[in-house]
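What follows is one structure encoded as structure tokens, with my remarks underneath.
Numbers for residues simply follow the sequence, beginning at 1. Numbering of ligands and ligand atoms starts at 1, following listing order.
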Amino acid sequence: MLSEQQIVDALRPIQEPSLHKSLVEVGAIKEIKINGSYVSLKVALSNLGTPEQVGVQNQIIQAVKAAGAETVGLRFAELTSENQQQGSPAKGTGDALLSKDSKTVFIAVTSGKGGVGKSTVTVNLATALARQGKRVGVIDADIYGFSVPDMMGIDSRPQVVGEVIYPVERKGVKVMSMGFFVEDNAPVIWRGPMLGKMLRNFFSEVHWGELDYMILDLPPGTGDVALDVHQMLPESKEIIVTTPHSTAAFVAARAGSMALKTNHEILGVVENMSYYQLPDGTKDCIFGQGGGEKLADVLDTELIAQIPLGQPVKEQDETATALYTEGTLIGDIYSQLAKKVMQKVVIPSS
Ligand SMILES: Nc1ncnc2c1ncn2[C@@H]1O[C@H](COP(=O)(O)OP(=O)(O)OP(=O)(O)O)[C@@H](O)[C@H]1O
Ligand SMILES: [Mg+2]
């Protein structure tokens, strides 16, 4: 069986990317747990969400596997200041996307309640906009509950060249997610302020290139991440997702009033799981009726889509679990939604 000492020895040659000293020397190895051939590690770095983190992650996994582990679980934490006296912060690639000159339109997809379909709406709106020829990015801002990579069928990781992270591209959409930085679907156990940092790095350390639309999939509710997004992106637009049930709409109104308070323009309400369409064309409103309309009224905005219940039809070799293809009932509704969004937010000509 592997010993803790063997793991420490294996990690010793690996450097903390900003401090240029051994991870072991700077006290970055916060936890080692060994369970048979499964090794779980907690490693603290001075800068998270950077290209260097991806590099170091790969080095750690290789080293621990070379020492005899079969599976490596890896969690990252932030290295506290006493660990990094001689450290200099990693160089960023600029906050181009967040700068005042940026022409990218940000659209945050929010809801009051979980499970109403924010992520589904995000990935389908993004791919539908890409089908219309738009340059689109997606940030999976649900740091704890990331689901975008799986929903879009992404199993690759971002490419890192020098100090730059290149987002993963799928169906014409550039994607960044916390899921790319987590091994084996391990849970992310971070405190509030670190989430904001991670999110900021998704903008500043990632080479997005020119984008027309950046869609953000937010975690449910009005918590820390939603607040961070409001602060980071004062110009962001919002789409509020609800189900037709009146309680869901009532809770979603809270997310909506937060948008209004922070002067985020609400593009509209998307009512998801609106009805089930029977083969004869009639609509069965399984989850009630009117929630989306009511919410749009309360928020003084428009109901911009009603999306029925239905599973995506998967073509052969398709790994995406949540993408509705064009030519299907729901796929076409998303195409309509994309067109509506394009009418509502005209891209400034470059
Ligand atoms: N129109 C629909 N018809 C059938 N299933 C749907 C529909 N929309 C979403 N779903 C399913 O409902 C579940 C929740 O959707 P999704 O993950 O998009 O919600 P969410 O609001 O992002 O959730 P969370 O708050 O957990 O992030 C998923 O399993 C998704 O596949
Ligand atoms: Mg989600």
What's the shortest heavy-atom distance between T321 and D150, and which atoms? OG1-O, 3.5 Å
Run the numbers for me: atoms of ligand 1, each under 4.0 Å from some heavy atom of G114, listed by number. 25 (O)
Any idea which atoms of ligand 1 are less than 4.0 Å away from a heavy-atom of L309? 1 (N), 3 (N), 4 (C)
Considering only the protein, which heavy-atom contact is closest to atom 19 (O) of ligand 1, and what is its distance? G117 N, 3.0 Å
Ligand-side contact atoms (ligand 1) for residue partner G115, heavy atom cut-off under 4.0 Å: 14 (C), 19 (O), 20 (P), 21 (O), 23 (O), 24 (P), 25 (O), 26 (O)
Under 3.5 Å: donor-acceptor pair, side chain of N272, backbone of T242: no
Kindly confirm or rule out an N or O of I307 lying under 3.5 angstrom from an N or O of ligand 1. no
Tell me the protein heavy atom at minimum distance from atom 31 (O) of ligand 1, and give that distance in Å. T120 OG1, 4.3 Å
Does one side chain, of S46 or E16, offer a donor that lies under 3.5 Å from an acceptor on the other? yes
Name the orientation class of the two ring planes belonging to H207 and Y166 (parallel below 30°, tilted from 30 to 60°, perpendicular beyond 60°). tilted
Atoms of type N, O or S from protein under 2.8 Å of the Mg ion (ligand 2), total 1
Element-labelled atoms of ligand 1 that are located less than 4.0 Å from some non-hydrogen atom of D142: 27 (O)
Per-atom contacts of ligand 1 with N272, taking only distances under 4.0 Å to non-hydrogen atoms: 1 (N), 2 (C), 7 (C), 8 (N), 9 (C)
Less than 3.5 Å between some nitrogen or oxygen of S119 and one of ligand 1, yes or no? yes
Considering heavy atoms of the protein only, find what lies nearest to atom 2 (C) of ligand 1 and give residue, atom and distance to 0.1 Å. Y324 OH, 3.6 Å
Which of these passes side chain to side chain contact (heavy atoms under 4.5 Å, CB included) with K171: T325, T127, V123? T127
Q132, CD: over 12 other non-hydrogen atoms inside 6.0 angstrom: yes
Does anything in residues 279-304 form a side-chain hydrogen bond (donor to acceptor under 3.5 Å, both in side chains)? List the pairs, not counting sequence neighbours. D280-T282, E302-K340, E302-K344
For A44 versus K30, what's the shortest heavy-atom pair and its separation? CB-CE, 3.7 Å
Closest contact, heavy atoms only, P17 versus V56: CD-CG2, 3.9 Å
Among all protein non-hydrogen atoms, which one is nearest to atom 3 (N) of ligand 1, and what is the separation to 0.1 Å? G310 N, 3.0 Å
Looking only at heavy atoms, which two atoms of K118 and S111 are closest? And how far apart? NZ-OG, 3.1 Å
Looking at atom 29 (O) of ligand 1, is any protein heavy atom nearer than 4.0 Å to it? no
Search all heavy atoms of Y38 against all heavy atoms of V72 and return the closest pair with its distance. CE1-C, 4.4 Å
Under 4.0 Å from one or more heavy atoms of M273, ligand 1 contributes atoms 8 (N), 9 (C), 10 (N), 12 (O)
I need the D217 CG to L125 CG distance, nearest 0.5 Å. 11.0 Å
Part of P308 within contact of ligand 1 (heavy atoms, under 4.0 Å): backbone
Near M151 (heavy-atom distance under 4.0 Å), the atoms of ligand 1 are 16 (P), 17 (O), 18 (O)
Would you please say whether a donor-acceptor pair under 3.5 Å links the side chains of S3 and Q5? no
Any Y275 heavy atom less than 4.0 Å to ligand 1: no
Which residue and non-hydrogen atom of the protein lie closest to atom 5 (N) of ligand 1, and at what distance in Å? Q311 NE2, 4.0 Å
V136 versus L211, closest heavy-atom pair with distance: C-CD2, 3.8 Å
Just distances here: any N/O of K118 and N/O of ligand 1 closer than 3.5 Å? yes
More than 12 heavy atoms of other residues, nucleotides or ligands under 6.0 Å from CD of Q159: is that the case? no
